[in-house]
Amino acid sequence: MKKFIELINKFFDFLLPPECLGCKKEGSFLCKNCLKNIKNEKNGYFSSKNIKKIYFLSPWSNKIIEKAVKKLKFRYSKRVAHDFKSFFENKLNKINFAYNAIFVPVPLHKTRLNQRGFNQSKILADLFAEIKNIPVENNLIYRNRNTFPQSKLKGKERTENLKNCISINEKKLTKINKNITIYLVDDVVVTCSTLEECVKPFKKAGFKNISAIVFAKGGV
């Protein structure tokens, strides 16, 4: 299924070459001129109940960012993330990363993964790793059940939907130093419900240094 989806995406890229999400210029999902326009978009961090710093690279209110996240999340386009690499470089270089750290992508359930063909958070984590030379630990945490799409829920429904849906891979955990800094990676944060659930098994296992990085703050 994953290979089939990849072939379909490549076919559509060939049939309909990507256009800039800002100005519609053909060739890339983000042209150089539009990159200049979003480089100065506000980025920063905020805190949640159990996460000291959740870094966001842009607010959802930027229309180019909104289109990029939706294309990555709902239209299953890997390329959009790669075309935003220069944007990510600009924003990630403003973050003071811990020396001893790993990126951990927020997991998809295997059913959703098979439907989509890839985990968009893993795509982002791999790009971030390439930019910052920080390793990625995939499958360190996993979804133990297939939850209802968060984009279709609001408020407390989101929290209840995700309750206790994340487990930790005990075998892989034994190879991870508990003094390491973990950076959870996701595409978008709205209520922090997903990130908070991802933190729980790490906290239970004795990890204390946990932050997060998301493409956009707010949104779906």
Side-chain angles (χ1 to χ4, degrees), residues 20-22 29-73 80-107 119-137 141 150-151 154-155 158-159 162 180-200 202-203 207-220:
C20 176
L21 298 176
F29 285 119
L30 184 64
C31 72
K32 290 182 179 180
N33 286 334
C34 288
L35 171 62
K36 291 178 183 177
N37 292 334
I38 65 172
K39 268 186 176 181
N40 295 324
E41 189 60 79
K42 180 182 177 182
N43 61 285
Y45 66 86
F46 62 101
S47 301
S48 66
K49 183 179 179 181
N50 292 299
I51 309 175
K52 188 175 181 180
K53 291 184 178 181
I54 300 174
Y55 296 94
F56 63 95
L57 306 186
S58 174
W60 178 264
S61 57
N62 184 293
K63 293 302 179 183
I64 294 178
I65 300 300
E66 177 186 344
K67 290 177 183 178
V69 173
K70 285 183 175 179
K71 200 162 190 66
L72 178 65
K73 193 178 185 75
V80 68
H82 291 278
D83 285 355
F84 273 70
K85 185 177 179 181
S86 293
F87 170 79
F88 294 143
E89 287 177 342
N90 177 268
K91 296 300 181 179
L92 292 173
N93 286 336
K94 296 177 181 179
I95 298 174
N96 186 23
F97 285 94
Y99 174 73
N100 189 20
I102 56 173
F103 288 127
V104 176
V106 169
N119 177 1
Q120 70 274 12
S121 297
K122 172 65 163 50
I123 297 297
L124 292 172
D126 285 342
L127 272 174
F128 296 173
E130 185 179 329
I131 293 166
K132 299 305 299 182
N133 196 28
I134 293 174
V136 175
E137 282 292 340
I141 51 176
Q150 288 288 89
S151 60
K154 295 181 179 180
R158 292 188 173 219
T159 302
L162 296 175
I180 205 166
T181 297
I182 293 169
Y183 291 99
L184 296 167
V185 178
D186 207 359
D187 52 3
V188 62
V189 61
V190 181
T191 64
C192 298
S193 299
T194 303
L195 293 174
E196 284 288 340
E197 283 300 318
C198 289
V199 166
K200 286 180 181 179
F202 284 116
K203 291 282 186 181
F207 289 85
K208 296 180 179 180
N209 304 317
I210 306 171
S211 294
I213 302 174
V214 298
F215 191 170
K217 177 186 178 185
V220 293

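Only a predicted model underlies this, so the values are computations on that prediction, with no experimental measurement involved.
- In terms of heavy atoms, P105 sits closest to A125 at CB-CB, 4.1 Å.
- Closest approach of V136 and A129 over heavy atoms only: CG2-CB, 3.4 Å.
- Contact check for N209 versus N100: no side-chain heavy atoms found under the 4.5 Å cut-off.
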Throw together a table of side-chain donor-acceptor distances under 3.5 angstrom for residues 81-95, partners on residues two or more places apart or in other chains.
residue: D83; atom: OD1; partner: R79; partner atom: NE; Å: 3.4
residue: D83; atom: OD2; partner: S28; partner atom: OG; Å: 3.4
residue: D83; atom: OD2; partner: F29; partner atom: N; Å: 3.0
residue: D83; atom: OD2; partner: R79; partner atom: NE; Å: 3.1
residue: K85; atom: NZ; partner: E130; partner atom: OE2; Å: 2.4
residue: K91; atom: NZ; partner: K39; partner atom: O; Å: 2.7
residue: K91; atom: NZ; partner: E41; partner atom: O; Å: 2.5
residue: K91; atom: NZ; partner: N43; partner atom: OD1; Å: 3.2
residue: N93; atom: OD1; partner: K132; partner atom: NZ; Å: 3.1
residue: N93; atom: ND2; partner: E89; partner atom: O; Å: 3.0

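- Scanning all heavy atoms of the two residues, the minimum distance from K70 to W60 falls at CE-CZ2, 3.7 Å.
- Side-chain N or O atoms of Y183 include one that pairs as donor or acceptor with a backbone N or O of A98 at under 3.5 Å.
- Residue L195 comes nearest to A212 through the heavy atom pair CD1-CB, 4.0 Å, listed as atom of the first residue, atom of the second, then distance.
- Among all heavy-atom pairs drawn from K203 and N50, the shortest one is CE-O, 3.7 Å.
- Remark: D186 pairs with no residue by the salt bridge (charged side-chain N to carboxylate O under 4.0 Å, His left out) rule, at least two apart or across chains.
- To the nearest 0.5 Å, atoms CD1 (I38) and CG (N62) are separated by 6.0 Å.
- Within the 4.5 Å cutoff, the side chain of C192 has heavy atoms near those of the F46 side chain.
- Applying the salt bridge (charged side-chain N to carboxylate O under 4.0 Å, His left out) test to K63 and every residue at least two apart in sequence or in another chain returns E66.
- C31 SG to L21 CG: the interatomic distance, rounded to the nearest 0.5 Å, is 9.5 Å.
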Query raised in the report: Can I64 and N37 be said to form a side-chain contact (heavy atoms from CB on, under 4.5 Å), step by step?
Result: CA-CA 10 Å; I64 294 178; N37 292 334; 5.6 Å; no
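- Residue L30 holds its CG atom at 12.0 Å from NZ of K36, rounded to the nearest 0.5 Å.
- Legend: residues meeting side-chain hydrogen bond (donor to acceptor under 3.5 Å, both in side chains) with S48, ordered by chain and number and at least two apart, are E196.
- Rounding to the nearest 0.5 angstrom, the gap separating the CZ atom in F103 from the CD1 atom in I131 is 8.5 Å.
- Using a 4.5 Å heavy-atom threshold, the side chains of F202 and I141 count as touching.
- Every residue was checked against the side-chain contact (heavy atoms from CB on, under 4.5 Å) condition with K52, not counting sequence neighbours, and none meets it.
- Side chains of I182 and I102 form a contact here, defined as non-hydrogen atoms less than 4.5 Å apart.
- Checked against side-chain hydrogen bond (donor to acceptor under 3.5 Å, both in side chains), N119 has no partners two or more places apart in sequence or in another chain.
- With L184 as the partner, the side-chain contact (heavy atoms from CB on, under 4.5 Å) test is satisfied by one option alone out of I210, I213, V214: I210.
- Closest approach of A216 and I65 over heavy atoms only: CB-CG2, 3.8 Å.
- Within 6.0 Å of CZ in F97 there are more than 12 heavy atoms belonging to other residues, nucleotides or ligands.
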